[in-house]
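Remarks on the structure that follows.
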Amino acid sequence: GRASATGNFAYFERLYSRTGPEETCVVQTPFGIGNSLMTRATLGEAPFDISANETGGEDDALFAHMQNAGARFAWAHDAWVIEHVEEARLTPRHALKRAFAYGQGPSELAFVARDYASLMRHMVVGAAQASVYGVAAGASFIAQNDNALPLADRAMRGLGKVLWFRPQKFYGSAQPT
């Protein structure tokens with residue numbers, strides 16, 4: 001169903017929005033690839049990992065690589081940006097799958113860096129988040145209040161930290177039709 005019809009409009013608006021500083025400035029971390037502006041030379045050779053064509057996350061890897069190479073990032077407060085979100089991406093199922101994948105990110109990056117202590121920490125924190133927010137989401141769902149989906153999102157992010165090794169597909173042939 002449509003986001004506005006399900007009572008989850010505010011959740012989806014937050015999910016697909018980017019909020020940053022209230023002024024144009026240099027920032028310490030990037031806000032994602034959407035509506036980024038950079039020169040081709042900034043990207044270097046083969047900027048995106050094509051093996052991530054259906055899973056996503058290639059932008060996170062690109063920005064981590066750029067940051068490690070000394071790149072600086074800025075936020076343009078006055079920029080007008082509109083994202084048109086297809087209806088297939090405005091469902092709780094898609095949102096929770098996406099939340100799971102977001103949760104996987106920190107654990108995946110720790111594994112790739114061979115930082116196993118950090119990986120274990122992410123997994124333990126994720127298990128706690130999945131448990132606490134999962135119970136709260138269940139109670140909110142039973143009570144039929146608007147907090148159920150945001151709480152389920154937090155639970156799925158936690159679960160993603162634990163099950164970081166399970167690939168998720170979003171793009172290419174995996175894209176909803």
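In what follows, residues are counted from 1 in the order of the sequence shown.
Note on L15: it does not cluster hydrophobically with L151, by side-chain heavy-atom contacts below 4.5 Å among ILVMFWY residues. Following chains of ILVMFWY side-chain contacts shorter than 4.5 Å, one can reach V85 starting from L96, so the two form part of one hydrophobic cluster. Both F12 and F100 belong to a single network of hydrophobic side chains, linked directly or stepwise wherever heavy atoms of I, L, V, M, F, W or Y lie under 4.5 Å apart. Clustering ILVMFWY residues whenever any of their side-chain heavy atoms sit less than 4.5 angstrom apart, transitively, puts V125 in a cluster other than the one holding V162. Hydrophobic clustering places M156 together with F165 (ILVMFWY residues linked when any side-chain heavy atoms are closer than 4.5 Å, directly or through intermediates).
In this structure, the side chains of Q104 and R157 stay at 4.5 Å or more apart for every pair of heavy atoms.
Taking the side-chain contact (heavy atoms from CB on, under 4.5 Å) definition, one finds that V27 meets it with P21, C25, F31, F73, W75, sequence neighbours left out. Here E83 pairs with R89 under the salt bridge (charged side-chain N to carboxylate O under 4.0 Å, His left out) rule; sequence neighbours left out. When the side-chain contact (heavy atoms from CB on, under 4.5 Å) test is applied to L109, no partner is found at least two apart in sequence or on another chain.
F111 CZ to M120 CE: the interatomic distance, rounded to the nearest 0.5 Å, is 10.5 Å. To the nearest 0.5 Å, atoms CE (M123) and OG (S118) are separated by 12.0 Å. Atom CG of L149 is separated from atom OH of Y11 by 4.5 Å, given to the nearest 0.5 angstrom. Here the straight-line distance linking atom OG1 of T29 with atom CZ of F63 works out to 10.5 Å at 0.5 Å rounding. Summarising the geometry, atom CD belonging to E13 is positioned 12.5 Å from atom CG belonging to N8; distances are rounded to the nearest 0.5 Å. D153 contributes atom CG, which lies 9.0 Å from atom CZ of R14 (distance to the nearest 0.5 angstrom).
Nearest approach of A110 to H122, heavy atoms of both residues: CB-CD2, 4.2 Å. Nearest heavy-atom pair, P30 versus Q67, reported as atom, atom and distance to 0.1 Å: CD-OE1, 4.5 Å. Shortest non-hydrogen contact noted between G134 and A155 is N-CB, 3.5 Å.
Within the 3.5 Å criterion, the main-chain N or O of H77 finds a donor-acceptor partner in the side chain of T24.
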Exercise for review: Check the pair Q129, K161 against side-chain hydrogen bond (donor to acceptor under 3.5 Å, both in side chains), reporting the backbone distance first and the verdict last.
Suggested key: CA-CA 9 Å; Q129 288 173 325; K161 288 178 182 133; 2.7 Å; yes

